[in-house]
Amino acid sequence: MGKKAHKKSEKSKASDAEAAPRVPEDDSISASAYEAQLELLQIELSKLQRHFIACGDKILVLFEGRDAAGKDGSIKRIIEHLSPRETRVVALGAPSDRERSAWYFQRYVAHLPTAQEFVLFNRSWYNRAGVEKVMGFCTKAQHAEFMQSVLPFEQMLVDSGIKLLKYYLDISKSEQKERLEDRRRDPLKQWKIGAVDTVALKHWKAYSAARDEMLLHTHNAVTPWSVVRADNKRLARLNLIRDLLSRLDYAGKDVDLVTPDPEIVFEFSADALADGRLAR
């Protein structure tokens with residue numbers, strides 16, 4: 001393809017994306033509509049990156065949720081076209097013996113963002129409120145101490161200038177079962193299956209109870225939780241990105257584009273536990 005034809009093709013692609021209609025927030029979305037909307041949102045993410053680099057902002061986003069809830073896929077779409085020099089994904093493995101003897105938050109502190117950085121934690125210190133509690137990887141005293149200290153810790157992060165966002169991706173039991181089975185069948189996804197994943201369904205109720213306790217005790221005005229209903233991967237990704245963009249300031253924001261569907265992404269409240277918006 002010649003240079004002129006290539007430029008024309010790129011221009012046509014951008015024009016098609018800009019002309020893409022707003023995706024109806026129903027139970028399904030076509031691949032073409034999804035890709036068109038995703039491209040527009042990724043352009044907004046690029047605007048955000050230019051802004052926080054220029055202003056020296058420090059942005060930290062935590063992704064929590066059940067196994068196979070879609071954290072990896074959402075993060076992949078967020079960072080796909082961002083500069084790797086100012087963007088980091090943190091996905092820590094099991095702590096070493098040395099790390100287990102340290103202050104619980106210590107190994108996470110080393111990965112916090114500095115000026116001009118956008119850091120995404122694929123699971124975070126909230127492991128202690130979820131998998132560690134359910135699987136018995138921490139004591140009751142350690143869990144209680146975490147629940148008491150996590151909000152003061154996050155307050156210190158915010159006071160230091162870090163912009164902290166927290167997302168919990170929620171899926172139904174049937175959807176989790178289907179996704180875990182897909183991982184076992186797909187040779188390109190089998191690396192995602194670990195010992196904890198194999199018993200996720202067995203401990204479904206325990207994880208639900210741990211989630212409820214975590215959200216109730218750690219949701220607050222300074223570092224609120226946003227819940228993403230993630231059974232539909234495409235709609236979950238689009239609306240998570242919209243919500244993230246809507247919560248951060250940057251030049252040239254398309255406000256209409258970044259308004260999320262409140263049926264898919266909503267700020268946690270005690271009412272959400274009572275009215276059935278979280279999976280049981």
Side-chain angles (χ1 to χ4, degrees), residues 60-75 88-112 119-157 164-173 175-177 179-181 183-184 189-220 223 225 227-228 230 268 273 278-280:
L60 176 61
V61 186
L62 310 186
F63 292 85
E64 294 292 340
R66 297 181 189 270
D67 295 311
K71 297 179 291 296
D72 293 346
S74 296
I75 292 172
R88 287 190 288 117
V89 176
V90 178
L92 301 182
S96 65
D97 290 340
R98 182 177 183 276
E99 288 172 328
R100 289 191 186 94
S101 68
W103 176 48
Y104 177 69
F105 295 101
Q106 191 165 328
R107 71 183 189 131
Y108 295 102
V109 169
H111 300 280
L112 294 174
V119 176
L120 304 94
F121 274 34
N122 188 344
R123 294 200 181 277
S124 67
W125 43 83
Y126 282 102
N127 271 339
R128 178 136 293 178
V131 64
E132 289 192 19
K133 180 178 190 293
V134 173
M135 300 301 295
F137 297 156
C138 68
T139 66
K140 290 183 178 180
Q142 287 172 329
H143 175 264
E145 194 280 330
F146 168 80
M147 297 295 276
Q148 183 179 358
S149 61
V150 63
L151 291 186
F153 171 69
E154 291 178 356
Q155 180 70 62
M156 286 191 290
L157 299 185
L164 174 59
L165 302 177
K166 303 190 298 191
Y167 288 96
Y168 185 89
L169 279 65
D170 198 44
I171 56 172
S172 63
K173 188 174 184 179
E175 182 65 22
Q176 184 186 52
K177 180 179 180 181
R179 292 184 188 181
L180 290 174
E181 289 176 349
R183 287 182 177 183
R184 295 186 185 97
K189 295 180 180 179
Q190 287 176 3
W191 63 270
K192 293 184 176 184
I193 293 290
V196 172
D197 303 273
T198 60
V199 294
L201 289 168
K202 177 183 177 181
H203 295 288
W204 175 269
K205 290 185 178 180
Y207 274 114
S208 294
R211 173 203 61 194
D212 295 352
E213 182 182 12
M214 178 188 78
L215 294 176
L216 278 169
H217 287 83
T218 63
H219 174 76
N220 65 107
T223 57
W225 279 102
V227 177
V228 183
F268 174 77
L273 296 179
L278 277 75
R280 293 292 166 201

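Residues: numbered from 1 along the sequence shown. Keep in mind that the numbers below use all heavy atoms, side chains included, and drop hydrogens, waters and symmetry copies.
Note that CD1 of I75 and CG of L120 are 5.5 Å apart. Values are rounded to the nearest 0.5 Å. Distance CG/L164 to CG/L157: 6.5 Å, rounded to 0.5 Å. Here Q176 contributes atom CD and R66 contributes atom CZ; the two are 6.5 Å apart, rounded to the nearest 0.5 Å. For the atom pair CG (N127) and CZ (F121), the distance works out to 11.0 Å, reported to the nearest 0.5 Å.
Between R179 and A68, the shortest heavy-atom distance links the atoms NH1-O, 2.9 Å. The two atoms that bring M147 and A129 nearest to each other are SD-CB, 4.2 Å, heavy atoms only. The shortest heavy-atom contact between H111 and R107 is CD2-O, 3.0 Å. Scanning both residues, A200 and L180, for their nearest heavy atoms gives CB-CD1, 4.2 Å. The two residues S208 and A279 come nearest to each other via the heavy atoms OG-O, 4.1 Å. Shortest non-hydrogen contact noted between L112 and R88 is O-NH2, 3.2 Å.
Side-chain contact between Y167 and S74 is absent, with no heavy-atom pair separated by less than 4.5 Å. By the 4.5 Å heavy-atom criterion applied to side chains, K177 and K173 are not counted as neighbours. With a 4.5 Å cut-off on side-chain heavy atoms, E64 and R211 do not count as touching. Residues E213 and K133 meet the side-chain proximity criterion, which asks for heavy atoms closer than 4.5 Å. In this structure, the side chains of F137 and V196 come closer than 4.5 Å at one or more pairs of heavy atoms. Y207 places none of its side-chain heavy atoms less than 4.5 Å from the side chain of K202. Looking at heavy atoms from C-beta onward, W103 lies in side-chain contact with V109 at the 4.5 angstrom threshold. Looking at H217 and V150, their side chains never come closer than 4.5 Å, going by heavy atoms from C-beta outward.
Considering only residues two or more places apart in sequence or on other chains, D67 meets the side-chain hydrogen bond (donor to acceptor under 3.5 Å, both in side chains) condition with R123. R183 meets the side-chain hydrogen bond (donor to acceptor under 3.5 Å, both in side chains) test with no other residue; sequence neighbours excluded. Residues that satisfy the side-chain hydrogen bond (donor to acceptor under 3.5 Å, both in side chains) test with S172, not counting sequence neighbours, are S174, D231. Legend: residues meeting side-chain contact (heavy atoms from CB on, under 4.5 Å) with A69, ordered by chain and number and at least two apart, are K71, L169, I171. With sequence neighbours excluded, the residues that form a side-chain hydrogen bond (donor to acceptor under 3.5 Å, both in side chains) with K189 are D182. Applying the side-chain contact (heavy atoms from CB on, under 4.5 Å) criterion to N220, with sequence neighbours excluded, gives L151, K166, V222, T223.
Ring geometry for W125 versus Y108: interplanar angle over 60°, hence perpendicular rather than tilted (30 to 60°).
Annotation: R280, atom CZ; neighbour count of heavy atoms from other residues, nucleotides and ligands within 6.0 Å is above 12.
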Does L216 form a side-chain contact (heavy atoms from CB on, under 4.5 Å) with F268? I'd like the steps, not just the answer.
CA-CA 8 Å; L216 278 169; F268 174 77; 4.1 Å; yes
Quick one: do E154 and T218 satisfy side-chain contact (heavy atoms from CB on, under 4.5 Å)? Show the steps, please.
CA-CA 10 Å; E154 291 178 356; T218 63; 5.7 Å; no
Is there a side-chain contact (heavy atoms from CB on, under 4.5 Å) between L215 and L278? Walk through the geometry before answering.
CA-CA 11 Å; L215 294 176; L278 277 75; 3.6 Å; yes
Begin from the C-alpha positions of F63 and D72 and carry the test side-chain contact (heavy atoms from CB on, under 4.5 Å) through to its verdict.
CA-CA 9 Å; F63 292 85; D72 293 346; over 6 Å; no
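Ring centers of F146 and Y104: under 6.0 Å apart, within the cut-off.
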